[in-house]
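Below: one structure, written as structure tokens.
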Amino acid sequence: PANRSIGNTPPGQAQLVLNAPLTLCDGAVYEWRNASGYAANLTSDERQAKLISKRVVKTLAEMNLAEARTFHDRTRREYYIMEGGRALVYGYFTDAWYLYDPFPLTHLFERDGELYGAGGECGFVRFSRRYQSDGGEKIDACWRSGAMAFGADFRRKHSARVFIVMKPEQRSHITVSAVTDSGGITGGETVSVGLSGFSDADFRHWSFGTNRAPHTRKLRIRTRKFAFYQLLLTSGNDWSTATVLGADVRLRAAGQVR
């Protein structure tokens with residue numbers, strides 16, 4: 001224990017990430033570093049405990065952290081919290097949190113750069129980007145941005161264009177939508193940046209693309225008279241993958257919100 005009041009709720013589940021221990025306590029994730037920026041010679045000073053889970057407070061409150069198991073995937077730079085058939089994952093390289101639900105595994109381990117898991121009725125499984133399905137079942141993936149006011153929450157905005165930057169991959173495919181405070185979900189435009197190859201060819205979704213540089217696609221998603229804007233990226237099938245590198249929303253200012 002490094003501190004009397006901030007410790008680690010699940011015994012034996014502290015993980016060393018980038019030379020700093022991560023612990024679970026009181027429904028939160030803490031990173032321990034001293035004033036010099038490294039984790040050696042930690043003392044009982046609570047200022048060395050940095051709260052890094054503010055964005056996932058609600059999700060952590062739904063988990064019984066006393067029964068949680070953690071895992072540090074060094075190759076993919078991800079920190080797992082597994083409990084109750086779900087996994088909350090912190091991708092610290094991109095500073096992003098994401099949730100896997102359902103996630104029936106209870107144990108993870110890495111060997112020769114590959115990630116494996118076991119638990120429940122799943123038996124023994126292997127993780128790989130070469131698989132576009134979850135044991136043959138489709139994967140419902142969703143990413144939603146925060147409510148963006150673009151620096152002017154008092155002003156109405158219009159938007160007619162969204163630009164998506166994607167990495168070319170075999171059978172790369174994603175659906176882009178917008179959610180605003182002035183209406184429901186609009187858009188539903190499809191983006192595909194395929195790359196030619198025969199290693200996992202599917203002629204139903206074939207591409208002759210050979211350029212591996214990032215590609216930008218322009219989408220016509222019209223939204224009007226909004227103050228807050230959310231970007232929604234979804235993929236719900238068993239045959240595609242996608243790596244989104246960036247997104248830009250073209251705006252036109254209008255009057256003030258009434």
Side-chain angles (χ1 to χ4, degrees), residues 53-63 76 78 81 86-103 129 131-134 137-195 205 207 214-254 257:
S53 58
K54 293 180 180 179
R55 287 173 287 170
V56 290
V57 170
K58 182 178 178 181
T59 303
L60 284 170
E62 299 170 351
M63 303 175 74
R76 281 152 288 273
E78 294 176 335
I81 305 171
R86 300 192 300 172
L88 183 62
V89 185
Y90 178 45
Y92 55 86
F93 186 71
T94 56
D95 190 26
W97 289 89
Y98 31 97
L99 179 68
Y100 290 143
D101 187 10
F103 192 88
R129 280 187 62 85
Y131 309 141
Q132 279 82 39
S133 66
D134 183 5
E137 300 293 331
K138 71 175 185 178
I139 300 174
D140 289 321
C142 175
W143 178 88
R144 183 190 293 260
S145 73
M148 301 179 290
F150 303 102
D153 53 2
F154 62 91
R155 188 178 296 280
R156 292 179 181 175
K157 277 85 67 175
H158 304 303
S159 175
R161 300 288 185 272
V162 176
F163 297 86
I164 299 294
V165 184
M166 293 182 63
K167 174 185 175 182
E169 297 176 280
Q170 292 187 34
R171 293 189 280 176
S172 178
H173 183 278
I174 202 167
T175 301
V176 182
S177 307
V179 184
T180 67
D181 60 318
S182 62
I185 299 178
T186 59
E189 297 289 329
T190 297
V191 182
S192 181
V193 183
L195 189 67
H205 311 284
S207 170
H215 283 51
T216 302
R217 294 288 187 263
K218 180 176 68 174
L219 307 178
R220 292 179 173 84
I221 301 178
R222 300 181 181 276
T223 51
R224 294 174 52 82
K225 298 181 180 180
F226 64 86
F228 294 92
Y229 186 104
Q230 287 183 299
L231 193 63
L232 188 64
L233 308 179
T234 57
S235 176
N237 55 61
D238 60 357
W239 53 264
S240 73
T241 185
T243 301
V244 179
L245 302 176
D248 294 277
V249 180
R250 184 175 180 181
L251 299 176
R252 180 169 57 89
V257 175

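Here the structure is a predicted model, which means the values were calculated and not measured. The basis for the numbers below is simple: all heavy atoms, side chains too, and nothing from hydrogens, waters or symmetry mates.
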Can you confirm whether [X] sits close enough to [Y] that some side-chain heavy atom of one is under 4.5 Å from a side-chain heavy atom of the other?
X	Y	result
R129	T241	yes
Y100	L88	no
Y98	E78	yes
R224	R222	no
I174	T190	no
P214	K167	no

Next item on the list: Please report the C-alpha distance between F228 and T180 in whole Å, then the side-chain angles of each, then the deciding distance to 0.1 Å, and finally whether the side chain to side chain contact (heavy atoms under 4.5 Å, CB included) criterion is met.
Entry: CA-CA 6 Å; F228 294 92; T180 67; over 6 Å; no

Notebook entry, point to check: Can you list the steps and then say if L231 with W143 is a side chain to side chain contact (heavy atoms under 4.5 Å, CB included)?
Noted result: CA-CA 8 Å; L231 193 63; W143 178 88; 4.3 Å; yes

Next item on the list: Give a yes or no on whether the backbone of V257 and the side-chain of R155 come within a donor-acceptor separation of less than 3.5 Å.
Entry: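 Judged by distance alone, no pair lies under 3.5 Å.
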
Item checked: Short side-chain to backbone donor-acceptor contact, E189 and V176, under 3.5 Å ->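 It does not hold such a pair.
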
Ignoring hydrogens, what is the shortest heavy-atom contact between [X] and [Y]? Give both atom names and the distance.
X	Y	value
A242	H173	CB-O, 3.7 Å
L232	R144	CD1-CB, 3.9 Å
S172	M166	OG-CE, 3.1 Å
D140	G236	OD1-CA, 3.6 Å
S133	I139	C-CD1, 3.8 Å
L99	T59	CD1-CG2, 4.1 Å

Rounded to the nearest 0.5 Å, what separates atom [atom1] in [X] from atom [atom2] in [Y]?
X	Y	atom1	atom2	value
K138	S240	NZ	OG	11.5 Å
T175	L233	OG1	CG	9.5 Å
K54	L60	NZ	CG	14.0 Å
K157	F226	NZ	CZ	6.5 Å
R161	R220	CZ	CZ	4.5 Å
I164	L245	CD1	CG	10.5 Å

Next item on the list: Inspect the surroundings of CZ in F154 and state if more than 12 heavy atoms from other residues, nucleotides or ligands are less than 6.0 Å away.
Entry: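 Atom CZ in F154 is crowded, with more than 12 foreign heavy atoms closer than 6.0 Å.
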
Note to self: Less than 4.0 angstrom from a charged side-chain N to a carboxylate O is my criterion; do E62 and R86 meet it?
What the structure shows: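 Between R86 and E62 there is a salt bridge, with a charged N closer than 4.0 Å to a carboxylate O.
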
Check: If you measure from the Lys or Arg side-chain nitrogens to the Asp or Glu carboxylate oxygens, is any gap between K218 and D248 under 4.0 Å?
Finding: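 D248 and K218: not salt-bridged.
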
Does any donor atom in the side chain of [X] or [Y] lie under 3.5 Å from an acceptor atom in the other side chain?
X	Y	value
E169	T243	yes
R252	S159	no
Y229	D181	no

Check: Does the pair T186 and S177 meet the rule for a side chain to side chain contact (heavy atoms under 4.5 Å, CB included), with working shown?
Finding: CA-CA 6 Å; T186 59; S177 307; over 6 Å; no

Checklist line | From CA spacing to verdict: side chain to side chain contact (heavy atoms under 4.5 Å, CB included), D95, Y90 | finding: CA-CA 7 Å; D95 190 26; Y90 178 45; 3.0 Å; yes

